[in-house]
Amino acid sequence: MAHVEVNEISVAEVTVRSPRPRSLLASIEALLGMLVEIPAATLVVAEIIILFAGVIARYVLHQPLIWSDELASMLFLWLAMLGAAVAFRRSEHMRMTAVIGSAGPAMRVYLDVVATCAALAFLLLIVRPAYDYAYEESFITTPALQISNTWRAAALPVGVGLMALFSLLRLARTGDIKVLLAAVLSVAVLVGLFWLAQPWLRPLGNINLVIFFVGVAGFCVFAGVPIAFGFGLAIFGYLALTTRTPLMVLVGRMDEGMSHLILLSVPLFVFLGLLIEMTGMARAMVAFLASLLGHVRGGLHYVLVGAMYLVSGISGSKAADMAAVAPVLFPEMKQRGAKPGDLVALLAATGAQTETIPPSLVLITIGSVTGVSISALFTGGLLPGVVLAITLSALVWWRYRDEDLSHVTRARGSEVAKTFVIALPAVALPFVIRYAVVEGIATATEVSTIGIVYSFVIGLLIYRRFDWQRLMPMLIETAALSGAILLIIGTATGMAWGLTQSGFSRALAGAMTGLPGGSASFIAVSIVAFTILGSVLEGIPAIVLFGPLLFPIARAVGVHEVHYAMIIILAMGIGLFAPPFGVGYYAACAIGRVDPAQGIRPIWGYLLALMVGLVIVAIFPWISIGFL
């Protein structure tokens, strides 16, 4: 899920006292940003070409390129770190803004500067271990290309350094020197206090887990510090102040989390989703569904549910999914008398409903951190989405059973057939992607490159809506969103490793397996926990942090891992789109251009329908695992 900033005032918007320095700093930042964005966009293109060449060599020429995966993996870490730097400059790292959004303008500006200072603190603390890690990797030679692994590992200190430089430039552009000094002093004092408390922290044992992973991480998240840096500060503080673990190990765990081969599909599916929207394929899908159901009561609401099911999961961003569907449907729905608040409420609900629809990046992330089969997750994710679509549609039927359709003309059979023929190439793509992965024809990474080439061809030859000018911004957006996601996965992997090394996972396993009621109690506790985590952390960070801990427990109490995956994904989705904290709800409001207050009341009914669907999925495991 892409970060949605609800703040009205950002650090960059604070009035500066001297326009000339600001202009110079802005020019320097813009030049540096361009020097990072162009290589990041180029790396996205390079990944697509290398991986597609590997697909052609393997499946067409039957002569696999033994070096293609290794080169793609090396470039991938550079893409992740440069993308994270681009996201940092553009303020697109995921962060929780519900608390600071309710603060006054002055406090909001102060907290924004504090968030930048906190991120800078983590970057400065980690840059030396990152350099040491890259140096140590120089003694390793890659098996296929026979080059030093430093060429890959150097991405870590370079990316950290670039983000630190962007932090300093942002702070230098802060107009109010008092706010800047107060924020710098606040962060410096907190870091200093923790450093001085080191002799008292070490004897506390596992109480330090609460202090750092709940206290520090929670405080950072609620204060608006980007989630990746909040996690980073928590795990760095825990390892540096309470253990004797070399900090280079933390960088290694971050590298491991960000470099998993399965995650190569993340930027490719993000770019594929942007292509589908740009080429008009999403619009064609919606037009077909509207011609089919537009004449029935609540018909366009059913179309919204169905269109999100088809489009969802491909882009990797729920905001992108909603932005592809809502502008096509909302004007006509408003003309039919639908209230704007109800529209954004249903849009947000469909975002939660479709979290399990493959090729969802949450599914790919679960597979990468828990070892669950990607094809099994893709198979298991289809029916739970249908169940929640049915419960949502039941509520739509009840709310719109008396809708006045006297002014609506039913589409003729020829019109429906025409829109179907136009939409067929677009409608086929999601099913081809899912079929190829589920049947084992291609991996998620391979099929994403095939989807990109397919969308290029369809957009150019059939829909003829290919906007070449949008290509570069799309590539940069892909790099930024991918970098933001992957940096969270990296720091969350470090936290998960710290929890495991502390023995917490064993204690948690003992407590969860000992719950009265067995698997039913375990599932109920998981639903509550992940609904809360989804509203605070979003899906991917929560999965990376707690997935490795909880999936072994699920197996121990007799819950199928695919069934459990569907339960926690849907629970997180409900939390993600539930006000007042769920950032997904505010994304829906921003896309629909509706005041969030208007959707608060109607969304509770949809959330209740989603919860009913989730309970049905939890009670009947066959819905998730019946076709495995």
Side-chain angles (χ1 to χ4, degrees), residues 1 3 6-7 93-103 107-108 110-122 125 183 186-187 189-191 193-195 197 201 204-242 250 484 487-500 502 504-505 507-508 511 525-526 528-550 568 571-572 575-576 578-584:
M1 177 71 204
H3 156 63
V6 296
N7 293 25
H93 277 279
M94 298 177 190
R95 59 193 294 229
M96 182 181 175
T97 55
V99 174
I100 62 175
S102 62
M107 178 58 69
R108 217 175 304 170
Y110 167 72
L111 290 175
D112 269 338
V113 183
V114 166
T116 304
C117 291
L120 178 59
F122 170 69
L125 290 169
S186 299
V187 174
V189 167
L190 285 173
V191 172
L193 287 174
F194 271 100
W195 196 264
L201 289 172
L204 295 178
N206 279 353
I207 295 177
N208 286 311
L209 296 175
V210 178
I211 294 173
F212 286 95
F213 292 176
V214 178
V216 173
F219 177 80
C220 288
V221 168
F222 281 100
V225 177
I227 292 172
F229 300 99
F231 281 8
L233 284 169
I235 182 59
F236 185 95
Y238 173 75
L239 293 179
L241 302 179
T242 70
L250 170 59
L487 189 61
I488 285 179
I489 292 176
T491 53
T493 300
M495 284 185 71
W497 179 83
L499 286 170
T500 303
S502 69
F504 173 78
S505 57
L508 179 65
V525 170
S526 296
V528 174
F530 276 96
T531 301
I532 296 171
L533 288 170
S535 67
V536 177
L537 295 181
E538 303 194 34
I540 288 176
I543 282 293
V544 178
L545 190 54
F546 293 101
L549 303 179
L550 292 177
I568 63 173
M572 285 188 305
L576 179 63
F581 294 123
V583 70

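Because the structure is a prediction, the values reported are computed rather than measured. Position 1 is the first residue of the sequence; numbering continues from there.
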Hey, could you give me the [atom1]/[atom2] distance between [X] and [Y], rounded to the nearest 0.5 Å?
| X | Y | atom1 | atom2 | answer |
| --- | --- | --- | --- | --- |
| I235 | F212 | CD1 | CZ | 10.0 Å |
| N206 | I211 | CG | CD1 | 11.0 Å |
| L233 | F194 | CG | CZ | 10.0 Å |
| I489 | F231 | CD1 | CZ | 11.5 Å |
| T242 | L209 | OG1 | CG | 7.5 Å |
| T531 | L576 | OG1 | CG | 11.0 Å |

So, for [X] and [Y], which heavy atoms are closest and what is the spacing to 0.1 Å?
| X | Y | value |
| --- | --- | --- |
| L250 | G494 | CD1-CA, 4.0 Å |
| G230 | V225 | N-CG1, 3.9 Å |
| G498 | Y238 | O-CE2, 4.3 Å |
| A183 | V113 | CB-CG1, 3.5 Å |
| A217 | A234 | CB-CB, 3.9 Å |
| I543 | P548 | O-CD, 3.7 Å |

Quiz prompt | Among V187, L190, V191, side-chain contact (heavy atoms from CB on, under 4.5 Å) partner for C117 | solution = V187
Quiz item: Do L120 and F229 come close enough that some side-chain heavy atom pair is under 4.5 Å?
Solution: no
Exercise. Show your working on side-chain contact (heavy atoms from CB on, under 4.5 Å) between L239 and W497 and close with a plain yes or no.
Key: CA-CA 11 Å; L239 293 179; W497 179 83; 4.0 Å; yes
Quiz item: When the ring planes of F546 and F530 are compared, do they come out parallel, tilted or perpendicular, using 30° and 60° as the limits?
Solution: perpendicular
